[in-house]
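Atoms within a ligand are numbered from 1 in the order they appear, just like the ligands themselves.
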Amino acid sequence: MPVRMRPLNAKESVILFTLILAQGFDFCRSCNCDEQYFCNCSSNHLQHVPKVPANALGLDLSFNQIASIGMNDLTPYSELKTLNLHKNTLKFIHVEAFKSQHKLEVLDLSLNNLKNLSSSWFRELKSLQQLNLVENPYTTLGPAPIFQPLLNLRTLRFGSPSLREIYKNGLDSLAHLDEVTFIGSNLSLYENGSLKAARPIGLVSLSLQNLFQNDPELVSKVLQDVSHPETLLIIKDAQLRTNTSTEPFKATREGGTKSLTFQDSCTTDEALTSFLTVMDGSSLSYIGLEDIHLIGQGWWQKASYTHYENLHTAYIRNLDIQGFFEFSSMMQLGFLPVHLHRVSVINGTVFVIPPITTFLLKKLEYLDLSQNLLSDLTIEPTLSTSFGAYQNLITLNVSQNVLKSLGLMSRLITNLKSLIYLDVSHNSFVSMPEKCSWPATLKFLNLSSTKIRKLTPCLPSSLTVLDLSENDLTVFNQRFPQLTMLILTGNRLMTLPHGELFPRLQTLLIQRNALRMFNSSDLKRFRELQYLEAGYNNFVCSCEFVSFFRQDVDLFITLRDGRGNYVCDTPFTLRGDAIDSVRLSVFECYMIPAVSVLCSLIIIVLGLIVVTCHKLHVIWYLQMTKAWIQAKRKPAVGRLAEELRYDAFVSYSQHDAEWVEEILVPELESAHPPFALCLHKRDFQPGRWIVDNIIDSIEKSHRTLFVLSEHFVTSEWCRYELDFSHFRIVDEHNDSAVLVLLEPIKKETIPKRFCKLRKIMNSRTYLEWPEEEEKRNEFWSNLRAVLQRDEC
Ligand SMILES: *[C@@H]1O[C@H](CO)[C@@H](O)[C@H](O)[C@H]1NC(C)=O
Ligand SMILES: *[C@@H]1O[C@H](CO)[C@@H](O)[C@H](O)[C@H]1NC(C)=O
Ligand SMILES: *[C@@H]1O[C@H](CO)[C@@H](O)[C@H](O)[C@H]1NC(C)=O
Ligand SMILES: *[C@@H]1O[C@H](CO)[C@@H](O)[C@H](O)[C@H]1NC(C)=O
Ligand SMILES: *[C@@H]1O[C@H](CO)[C@@H](O)[C@H](O)[C@H]1NC(C)=O
Ligand SMILES: *[C@@H]1O[C@H](CO)[C@@H](O)[C@H](O)[C@H]1NC(C)=O
Ligand SMILES: *[C@@H]1O[C@H](CO)[C@@H](O)[C@H](O)[C@H]1NC(C)=O
Ligand SMILES: *[C@@H]1O[C@H](CO)[C@@H](O)[C@H](O)[C@H]1NC(C)=O
Ligand SMILES: *[C@@H]1O[C@H](CO)[C@@H](O)[C@H](O)[C@H]1NC(C)=O
């Protein structure tokens, strides 16, 4: 049945695309390809060249188990510039394996199992610049030319202990070589001229091991080819024990080699003496001895009459002297140093240079004795300037020794008239004297890691570079008018030093201190500062600092150590955050103003509440409500006659007190029978709350007499209407209220809001205090009648 194809819908397309992608990732699962199209498939137990994107520029297949490269394994990768097959098990490479790698620049086939080299491999590698073939078991190079197609090769590494034969044509036509590394420790045949390039090679490194012992003649042929004034020669892994093993260096002398370095080698007094004799009168200007094991005691006097006028530099590093304790302290070396300009003896267990030697160091400009055993005791003879030694010394490095006195050090070098650079780092000075003397020429002083706690005026003001890193300084207060670079990394300073002290300072390094912040005024004090490195400090991420750092710091200086290293220490919530990423809220930033504003607001609101309460008598209301509720709760028993102590409770305003006290009270209380009146002034229980008193009095009174006047009504009735204690009486259905009008009050003048009073006045008759004397008797009798208790 034919299947009709329809176009994929969107969902299906996505699924399909995902599948394709998954497949894609699957085939380079073992590789890690980055944005630069470099695929790292190192250490993946691969047995074949894996599939990677065809546009890969680099492919690292090192540390796998690839045994062969077939004709088409690499065909898709025509863009490759780097191919690394170091440490596989490669036995076979197809002659056309690299046919599409026109662009390959670096090819590493080292540490494999290639028994034969084929020139066909390289036929298309026109761009190849670096080729590494070392440590493969091929035994011969040539006679057929192998590297002929590699017209651009600059660096070639080849050979292994298996290599036995080298034929001249094997290395033919390598016109552009800059660097050759050759391992040939088991060589038995070397055709003259094999390593002789058309143009002198810049650097040749030879690892011939025992061959110096076993076949000096063959070595001689090799050296002959690589010795040239323009070629730096490195002899690695050499065993130079007997006087014959150094014979081949005749070729070096004849070739005019100027720079010769021994690395990882072993030698003896005998071989050394012989070497010096062989090289007598050579044009050697640089000799390097790195990681040398010397079996001997320094008896080199046989070489005393040799000439090394051209030898300017001796670089000795990691010298291990087996007979160290019997070593004759280089005394025999006198013939050598006379012409030396630069001497480095680094990590060589040197503890003294006797004056008999120093007196020969007249031409010395550079002396590096770092990582040795110089102490306060031995530094004195070592730096002795008697007989005019060291008068040309510009640089002195005694870093990493066991010196303890900076004062002594400064005294010893005072007479070094040319000294500019002094490195005394990694000694244990701990303190410095108040006064020191220094050569006037001194510009550079390295006091790093010397455990110094406090600065004194000891340090010379002529300095342009001062390194005080990794000490225990807490304060920096010395002035250095010439200083352009100051290194204070790794101390305990809490603030930047004052910029006024360094008018010329351009670079300040102050990482890993205890700086809490710095601001524009701190930086403005440095007149010439351009670069600052101040990361890894204990920054307090206050708002001022964060905003200054984020916005303005670049206006003053360049932070050369990268802004990401500037990290908050406090507040705790921000610890470890890069200052650039910190976001502080307005509240955090304006804490003090915010808190003050908040407090003022609270105070204002409280004030308002208090004022409002006061105005609206809220407290009074509350108390009133409480009292009223209590009054209401009292059992509403009928008011028994015996409970009624008073006939009337008189409610009046202070305004009308005179009338009440001088007219009303005498009249009623002297009547027959007398009326018992309750006046708040007189009868209230002192100390009791007024409201309770009022309620109590009203309850104990038969009637309540309101003395009303115009003033009372307009200004004080208000209170009465509000007054719950009068509530019952003011209630219109209660007839216990008696109104006495002291003066005529027109109902219309009563403010409308006093509806209760209006109602009472409407519903009830009231007694008016007459103006005329003759009507007053009638008034009193009416009043008496009203107040009279009903005897029932
Ligand atoms: C490839 O990865 C390995 C670790 O798997 C690493 O050691 C190696 O340096 C990487 N190679 C390159 C060129 O980055
Ligand atoms: C290497 O070359 C030799 C002779 O030149 C030959 O006999 C041998 O088969 C070759 N081996 C390989 C693996 O090509
Ligand atoms: C050096 O050559 C000898 C033969 O001359 C051989 O027996 C020996 O295995 C070789 N050494 C190495 C490390 O290949
Ligand atoms: C190779 O050089 C040696 C000495 O370096 C010499 O004795 C010999 O004749 C030379 N051989 C050839 C073929 O040039
Ligand atoms: C080399 O050393 C041996 C003894 O080790 C000695 O007999 C011989 O004379 C020395 N040869 C030279 C040239 O110094
Ligand atoms: C100093 O030299 C010794 C050998 O003499 C070596 O073992 C040691 O690693 C060297 N130290 C340094 C720091 O290079
Ligand atoms: C002095 O020696 C130390 C250690 O070898 C080195 O780090 C430093 O750079 C040297 N100082 C100078 C000024 O060369
Ligand atoms: C000072 O000495 C230390 C330790 O030897 C070194 O790391 C540093 O680079 C030196 N300082 C300068 C400015 O060379
Ligand atoms: C800058 O910081 C210093 C302390 O480092 C302080 O004394 C000074 O008042 C600050 N100046 C400004 C403008 O904040």
task: Go through ligand 8 atom by atom and flag the ones less than 4.0 Å from a non-hydrogen atom of Ile487.
output: 13 (C)
message: Could you tell me if the side chain of Val595 sits less than 4.5 Å from the side chain of Cys599, heavy atoms only?
response: yes
message: Using the rule given for salt bridge (charged side-chain N to carboxylate O under 4.0 Å, His left out), can you reason through Arg563 versus Asp554, listing the C-alpha separation, both sets of side-chain angles and the distance that settles it, and then say yes or no?
response: CA-CA 11 Å; Arg563 302 175 67 94; Asp554 291 335; 3.1 Å; yes
query: Less than 4.5 Å apart, any side-chain heavy atom of Ile510 and any of Leu496?
result: yes
- prompt: Does Tyr536 have Arg512 sitting over its ring (NZ/CZ under 6.0 Å from centre, angle to axis within 45°)?
  reply: no
- prompt: Looking at side-chain heavy atoms only, is the closest gap between Arg154 and Glu179 below 4.5 Å?
  reply: no
- request: Hey, can you tell me if Phe518 and Phe545 have their rings parallel, tilted or perpendicular (30° and 60° cut-offs)?
  value: perpendicular
message: Ignoring hydrogens, what is the shortest heavy-atom contact between Cys541 and Leu574? Give both atom names and the distance.
response: CB-CD1, 4.1 Å
- prompt: Using 30° and 60° as the class limits, which term best fits the ring planes of Phe249 and Phe275: parallel, tilted or perpendicular?
  reply: perpendicular
- prompt: Looking only at N/O atoms, are Thr395 and ligand 7 under 3.5 Å apart anywhere?
  reply: no
field: Atom indices of ligand 8, in the order listed, that fall short of 4.0 Å to a heavy atom of Ser425
entry: 2 (O), 4 (C), 5 (O)
field: N or O contact, Asn397 vs ligand 7, cut-off under 3.5 Å
entry: yes
message: When you compare ligand 8 with Asn446, is there at least one nitrogen or oxygen pair between them that comes in under 3.5 angstrom?
response: yes
- prompt: Cation-pi between Arg241 and Phe212: NZ/CZ under 6.0 Å from ring centre and within 45° of the ring axis?
  reply: no
statement: Any heavy atom of Val465 under 4.0 Å from ligand 8? The part involved is neither
field: Parallel, tilted or perpendicular: rings of Phe502 and Phe480 (30°, 60°)
entry: parallel
- request: Can you sort out which atoms of ligand 8 are near Phe444, meaning under 4.0 Å from one of its heavy atoms?
  value: 12 (C), 13 (C), 14 (O)
message: Evaluate His426 for polar contact with ligand 8, using N/O atom pairs at a separation under 3.5 Å.
response: no
Protein N/O near ligand 9 N/O, under 3.5 Å, which pairs?
from	atom 1	to	atom 2	distance (Å)
ligand 9	2 (O)	Asn519	ND2	2.4
ligand 9	5 (O)	Asp522	OD2	3.3
ligand 9	11 (N)	Asn519	ND2	2.9
ligand 9	11 (N)	Ser521	OG	3.2
ligand 9	14 (O)	Asn519	ND2	3.2

task: Identify the heavy atoms of Ile321 and Gly296 that sit nearest to each other, and give their distance.
output: CG2-O, 3.9 Å
- line: A student checking ligand 7 against Tyr366 at a 4.0 Å heavy-atom cut-off should list atoms 14 (O)
task: Taking the side chain as every heavy atom from C-beta outward, state whether Val424 and Phe429 have any atom pair closer than 4.5 Å.
output: yes
Pair Glu230 + Lys258: basic N to acidic O under 4.0 Å: no
query: In terms of atom number and element, which parts of ligand 8 are under 4.0 angstrom from non-hydrogen atoms of Asp467?
result: 1 (C), 8 (C), 10 (C), 11 (N), 12 (C), 13 (C)
Ligand 8 versus Gln400: contacting region, heavy-atom distance under 4.0 Å: neither
task: Please could you name the atoms of ligand 7 that Gln371 approaches to less than 4.0 Å, counting only its heavy atoms?
output: 5 (O)
query: What do you reckon, does Ser370 have a nitrogen or oxygen under 3.5 Å from a nitrogen or oxygen of ligand 7?
result: yes
- line: Near Ser399 (heavy-atom distance under 4.0 Å), the atoms of ligand 8 are 5 (O)
